[in-house]
Amino acid sequence: MTSQEIRQSFLDFFASKDHKIVSSAPMVIKDDPTLMFTNAGMNQFKNIILGNDPIKYPRVANSQKCLRVSGKHNDLEEVGHDTYHHTMFEMLGNWSFGDYFKKEAIAWAWEYLTEVVKIDKDRLYVTIFEGAPEEGLERDEEAYEIWKQYVPENRIINGNKHDNFWEMGDTGPCGPCSEIHVDIRPDSERVKVDALELVNQDHPLVIEIWNNVFMQYNRKADGSLTTLPAKVIDTGMGFERLCMTLQDKTSNYDTDIFQPIIQEIGKISGKKYGEDEKVDITMRVIADHVRTIAFSIADGQLPSNAKAGYVIRRILRRAVRYGYTFLNMHEAFMCKLIDVLSEVMGDAYPELLAQKSLIEKVIKEEEEAFLRTLEHGIKLLDKNLSEMKAKGKTVLDGHVAFTLYDTFGFPLDLTELILRENGMTVDLDGFKIEMEQQKQRARNAAAMETTDWVVLKEGETRFVGYDSLETESELLRYRKVTQKNKSYYQLVFAETPFYAEMGGQVGDKGQIISGDETIDIFDTKNENNLTVHLANKLPKELDVHFVLTVNKELRKATIRNHSATHLMHEALREVLGMHVEQKGSYVSPESLRFDFSHFQKMTQEEIRQVERLTNQKIRENFPLDEFRNIPIAEAKEMGAMALFGEKYGETVRVVRFGSSTELCGGTHVQATGEIGMLRILSESSIAAGIRRIEAITGHAVEKMMDLQQDTLANVRELFNNTPDLTKAIQRSLDENAELRKQVESFMQKQISELKEKLLANAREENGVKVIRFQSDFAAETIKTLVFQINNTFSEQIKNVDSDSQSLMVVIGGLHEGKPSLTVLLSKDLVDKGYSAVNLVREGAKHIQGGGGGQPFFATAGGKNPAGLAQAIESIKLA
RNA sequence: GGGGGAUUAGCUCAUCUGGCUAGAGCGUUUGACUGGCAGUCAAAAGGUGACCGGUUCGAGUCCGGUAUUCUCCA
């Protein structure tokens, strides 16, 4: 069977058992603070399991793309070194939400594996939860009894809490699970060692392929467990492992999912898979990572230096680093793999094909940037190496290695490699200590504590903010959140006009009022589909009616920006072409930000055109045409633009202004005329193939225009209201440059003349030529004068057989009321042990100051102009 | 969200602990050698040292803030 056929057989099987087949959710998660990526098939059903969302279909199955690269499940460093770890993988799963439970789940899992894809029964082993007395949990006898009907008892293995009790997080639904393992060793091996001893022992050929989780408990913040009212079945089968098993391979990377990519890497690098262990590891790393990166970009997550984007960047860099070291790839190469990847997976995941050119560009740019980082790091390391060699050291300080890594992004293993080539090592312990401190700092900063929800009334929030900005409601639940010694409260109401941050639009601010108590709501967020109001204090009385009022001014400014974003999006497509697609959006009361795909800088003219077109749409005063609950298919028929990487429900909201039609949950103006006017402030690049526009609307445009007009008027006035301001300024600048040059050359001439005069009039004191002079030049000018005197004098004594070889110059300066002293000694005086620094300090006493410099040249400043003349005279060679 | 770094000539970067009128390589311009080009040699132009404020006799260098950017951790 091909991988394509295997995926389909799973979905067909569960469809035949009355399951609704749903599509894969995006890998990047947007509205859950506890999770950045989809790391299990159940993520998209989390809100159903938590009871925040209603159950639409009690039985569901799908194939979900997952990423395990951060947090609790982090396999990143394993990937490539063995044959079965991945960053991205596909998870085949079936779910029951309060419908069937252990009996059916086990029966169907067995049926699918043994009858549909026909895995040899003798090669299958199962585990069940052995119990955990310290938590008051008993052995999962129920699962044991069911399994007994299918599997010989000796192949049902007890598993501990770590392997066989599944928890979603620190709190929330959890329960025992039952794993199915398969032994795919050759018969010769199977005779020697019983697979029973190898289950869960990280043997590459005795592997878990399917985990069936029976969620029946809920863990609270204090660690205690309660029984879940609606029990949930959550299963996950590793698609890549299943393919390996069914295709008679011993490595996931030998299946038809990865081999085409590995072959292509071989072609590009000129190396062969299967000859050298290090090359093989590298090829597996690259084949795995390129999938992750490509799919992330397709889901709208670009590499960046923070959060989810940073994780993607790090994965890409890991691949580049391996390629750099073991395949000798010193220029971008991963971008060349997208062709073959599209061939392998494009059919199942069309987003890959649709976004192909963007993916290639982004990867290429990222690769090149990292290669530059590597080059920079190698330079820095070289510098350290030569210092170490000079000192005879052979161990690089841990903190140096850490700085290279932490500050300059230079990978530790490369540092080690380069040192090894030079017969040196790294102080790894020192490195680890620094790393631990860094992690501790970050942990402390991010530490967040939440109490359990205090539930006053069950229920869901009804959002009324599309139609009104004020409503009366009651509190459903609340909890306290503490972060960095600051705490605030999260409040959930039965009904609210507050818009929670979503789809780029910021959350509303406002107030809640009960009786004579008014509490400020400083932000509104969406958490696991609950609208959460953030307040600094808890109302005194909880079981009363509250009036919830949104800050009208801010909300109105926000909706102007949001609606304007839609109009501008359409205008961009009209001006630049249909390749323009939204890649990100941020809408606040102050301004709007819109990121979109486009491959070059917009010209001034294009920006103007977009502005004009948008403003024209604003003036048309299109009324808001809103469809709150229409099926997604119908919405698409209306021409609504759906975004890649967005998760849409069955029914969606469509917002239409004239011909601009978008899927959008945000709040908008009643008619476009309310926007007033749009002005683009900037257009810039944020990544390869992605541009960003920042713009303002309404009142903000007015304010900006006022400011600009005022500035212009002021400037014009400065130029006597000349009709051609640009020309006047240009002329003034030219004139300024010309005068500057003239003044400079005039000063040069002055200084030169003064120099000659001073040298000629120099007195002789004890065989030393001495120049004493007071001027009102600036310090910089005096410096020039003194150095010129010195230069000329050096020339003179070289050419002429002068009596005196020694020179001392003392200049007093009085510039802008501040006295200064400058002393210069010729080289021979310095050699004799005189120091200009000592002399100038001695003299500076008269002007109440201090100073310093070098032995041949020193300056000082002071506060007492009256003592200047005395100071000049006082300086004498002792 | 937190930590660390960077910002100096058109580009890539020096300038150790505050003080040798801020330097190098590449690039640009000019000149010389050559029939011309390539090349070599010589010279020149090019800097508000990101921005704002402070400490100091003196700040590119120290301190604080802002902006941009890189990087690590979560």
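So you know, we letter chains A, B, ... as the sequences are listed, proteins then strands, and number each from 1.
A:Y586 carries A:R593 over the face of its six-membered ring, with the cationic atom under 6.0 Å from the centre and within 45° of the normal.
Of the two residues near RNA chain B, A:R313 and A:K783, the one whose nearest nucleotide lies more 5' is A:K783. Along RNA chain B, the nucleotide nearest to A:K383 and the one nearest to A:A308 differ in position, and the one closer to the 5' end is contacted by A:K383.
For B:U28 and B:C73, the C1' atoms lie 45 Å apart once the distance is rounded to whole Å. Spacing of C1' atoms, B:C13 relative to B:G54, comes out at 30 Å, to the nearest Å. Rounded to a whole angstrom, the distance from the P atom of B:G5 to that of B:C41 is 41 Å. Across B:U68 and B:G23, the matching C1' atoms stand 26 Å from one another, rounded to whole Å.
A donor-acceptor contact closer than 3.5 angstrom links the side chains of A:T87 and A:D288.
Comparing atom distances between the A:R441 side chain and each of B:G3, B:C72, B:C57 picks out B:G3 as nearest. Taking every side-chain heavy atom of A:T784 into account, B:U21 is the closest of B:G5, B:U21, B:C72. Distances from the side chain of A:Q438 to the nucleotides B:G4, B:G2, B:U21 place B:G2 closest.
Residues A:E368 and A:K364 are paired through a salt bridge, judged by an N-O separation under 4.0 Å between the basic side chain and the carboxylate.
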